Each structure stands twice: as structure tokens, then as C-alpha cells.
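Each chain gets a letter, A, B and so on, in the order its sequence line appears, and its residues count up from 1. From a predicted model like this one, the values you see are computed outputs, not experimental measurements. Basis for what follows: all heavy atoms, side chains included, without hydrogens, waters or symmetry-related copies.
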Amino acid sequence: MRPVPTVLASGEEFMLLRRHGGLWAAPGSAVHACEAQAGERVILRLASGAQLEADQVLGMVRGLGVRSLGAVLRTCWTESARGLAVHAGEPCVVIDEAAPPEALRFHGGVASEVEE
Amino acid sequence: MTEMADAERYLLLRAGDAFCALPLQQVRRVVRALTIHALPGAAPELLGLAEFAGEPLPVLDLGMLLGEASSAAAGSQVAGVTVVARIGDSEPPEIAGLAADEALEISALEMTRGTGASGRHGMVVGEALAGERHVTVLDLAAWKAA
């Protein structure tokens with residue numbers, strides 16, 4: 001029998017991103033601005049001020065069942081996150097807008113050009 | 001023939017050249033290797049995330065948990081199986097996947113040597129003989145963060 005999952009934000013809207021081959025979800029309410037770059041690449045600015053880079057924005061989704069990170073993830077992954085979810089059969093990391101993972105952080109030089 | 005209780009039975013697994021035994025009562029399912037999505041920034045023993053029964057599942061490299069310097073499960077193109085198992089002793093139980101090359105058999109074992117908690121994350125608890133094969137005995141409930 002599966003453990004009872006912890007659903008943290010089932011009704012919230014999330015922006016689904018592809019980065020480094022993985023699937024990530026950013027809380028829609030935390031995305032302040034975004035700008036398309038060359039190809040499908042997108043730079044996002046969060047309300048927290050953090051800027052993220054995605055290889056592709058897949059769209060918005062509502063109703064992700066967000067499970068809290070377990071001890072394995074907390075031990076073996078250096079980043080923090082709001083939790084994990086599954087979308088269309090693929091696991092997805094739901095980012096913590098206050099501390100987005102390094103893999104998504106934008107370090108390029110056009111940060112100030114992101115339009116609101 | 002006497003029925004073995006689950007508590008006495010172990011699932012024997014192979015990861016590269018290493019053989020290990022998991023208490024059967026900690027094993028939920030053995031499935032063909034799940035597709036693993038790498039997680040940037042993860043420790044080497046965490047291969048990534050998979051989906052199992054509609055839930056996200058962290059998948060660990062069994063070979064590395066056994067203390068192998070390099071893991072055949074991670075190094076090969078495709079690990080043979082994913083063992084879905086209870087890990088740690090939390091309630092509700094935490095479920096994780098273990099990537100292994102092969103699930104061999106279910107067997108009753110007697111520990112020949114206790115090792116205390118060793119190996120990565122302290123889950124190696126002893127050794128046993130399965131036929132003529134030396135196997136490392138794991139206790140997933142002994143998961144430690146360090």
C-alpha cells in the first residue's frame with residue numbers, strides 16, 4: 001500500500017518548465033515576468049527577485065498534487081524545494097520561489113532586460 | 001516444509017559484482033527498471049526521480065549504498081530492475097526506488113557476521129551466505145542522513 005501523500009497545494013496554478021532535461025514547476029503566483037530568448041529559452045523573474053532560466057515553458061497547470069520532500073531527497077539533494085509532483089507521468093520538482101535551485105538560476109547578463 | 005515468515009525472508013539482488021539481501025518485509029514491488037530523470041545537484045547515490053503508481057519516487061543506486069566505489073547499476077545504460085521499497089522508519093512510510101541489475105530470488109538467510117551500521121547511509125548491517133554466495137545484508141529502516 002502506498003503511503004498517504006501530503007498534498008500541499010492541489011488547487012494552485014503552476015508554470016511548468018523544462019530545464020536540463022528535467023521537469024520543474026514554479027508557482028504561478030510567484031512568476032512576475034518572463035521573456036522569450038532565442039529558440040524556446042525563457043528567462044523568468046520571480047516576485048522574490050530571483051531570475052530563472054528555462055529551456056522551454058510547457059504551460060500552466062492547475063491541480064498538481066504536491067508531495068513534501070522525504071528524508072531521501074532532503075539528505076541526497078543539496079537544494080530546497082516546496083515538494084515533488086507528477087505531471088503526465090513525469091516526476092516534477094516544485095520549486096521554492098524563495099530559494100530556487102541552482103540548476104534553474106539565471107546567471108546571464110540580460111537580467112535587467114526582462115520585461116514586466 | 002515450513003512456511004517462512006516474511007521477517008525471515010530476504011530478496012537477493014545483484015548490483016554490478018555485488019550481491020545483497022533486503023528484508024522482504026521492506027520490499028513493496030520489483031518492477032522493470034523505471035525511467036529515471038536526473039536531478040541536478042543530487043548526491044551520486046541519488047540517480048534521480050521516477051514515477052511509480054502516479055507518485056514521484058526518488059531512485060537510489062543500490063551499488064553505491066553497498067559501498068561500491070562505482071556502481072554497475074548507474075554505469076550501465078539501463079539497470080535491470082527497480083526495487084520499490086520502504087526506507088527509513090518514518091510514519092507514514094517513505095518509499096524509494098533502488099536501481100539494481102538483477103533480482104535473483106527470495107531466500108531465508110542467517111546472518112554470518114553483523115557489521116553494525118556501515119556503508120553509505122548506514123544501511124549495511126551484516127553478511128550472510130546464500131548458497132555459496134556471500135551477500136551483504138541491508139536494513140533499509142536503518143537509513144541515516146549522514
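By the rule that hydrophobic residues join a cluster once side-chain heavy atoms approach within less than 4.5 Å of another member, Leu129(B) and Val124(B) end up as members of separate clusters.
How far CG of Leu84(A) is from CD of Glu51(B): 12.5 Å, rounded to the nearest 0.5 Å. A distance of 8.5 Å separates CG in Leu23(A) from NE2 in His37(B), rounded to the nearest 0.5 Å. Atom CG of Leu73(A) is separated from atom CD of Glu94(B) by 7.5 Å, given to the nearest 0.5 angstrom. With values rounded to the nearest 0.5 angstrom, Leu46(B) atom CG is found 9.5 Å from Trp77(A) atom CH2. Separation of atoms CG (Leu60(B)) and SG (Cys76(A)) is listed at 5.5 Å; rounding is to 0.5 Å.
Enclosure of atom CD in Glu105(B) by more than 12 non-hydrogen atoms of other residues, nucleotides or ligands within 6.0 angstrom is indicated. Heavy-atom neighbours of His134(B) NE2 from other residues, nucleotides or ligands within 6.0 Å: at or below the threshold of 12.
Considering every non-hydrogen atom in both Val72(A) and Trp143(B), the closest pair reads CA-CZ2, 3.8 Å.
The part of Ala85(A) that comes within reach of chain B is its backbone (N, CA, C, O), which places non-hydrogen atoms under 4.5 angstrom from that chain. Of the two parts of Leu49(B), the backbone and the side chain both hold a non-hydrogen atom closer than 4.5 Å to a non-hydrogen atom of chain A. Only the backbone of Ala50(B) comes within contact range of chain A, judged by heavy atoms closer than 4.5 Å.
With respect to Pro56(B), the side chain to side chain contact (heavy atoms under 4.5 Å, CB included) criterion is satisfied by exactly one of Leu69(A), Val93(A), Val86(A), Val66(A): Val86(A).
Contact count versus chain A (heavy atoms, under 4.5 Å) is highest, among Pro58(B), Gly41(B), Ala38(B), Ala96(B), for Gly41(B).
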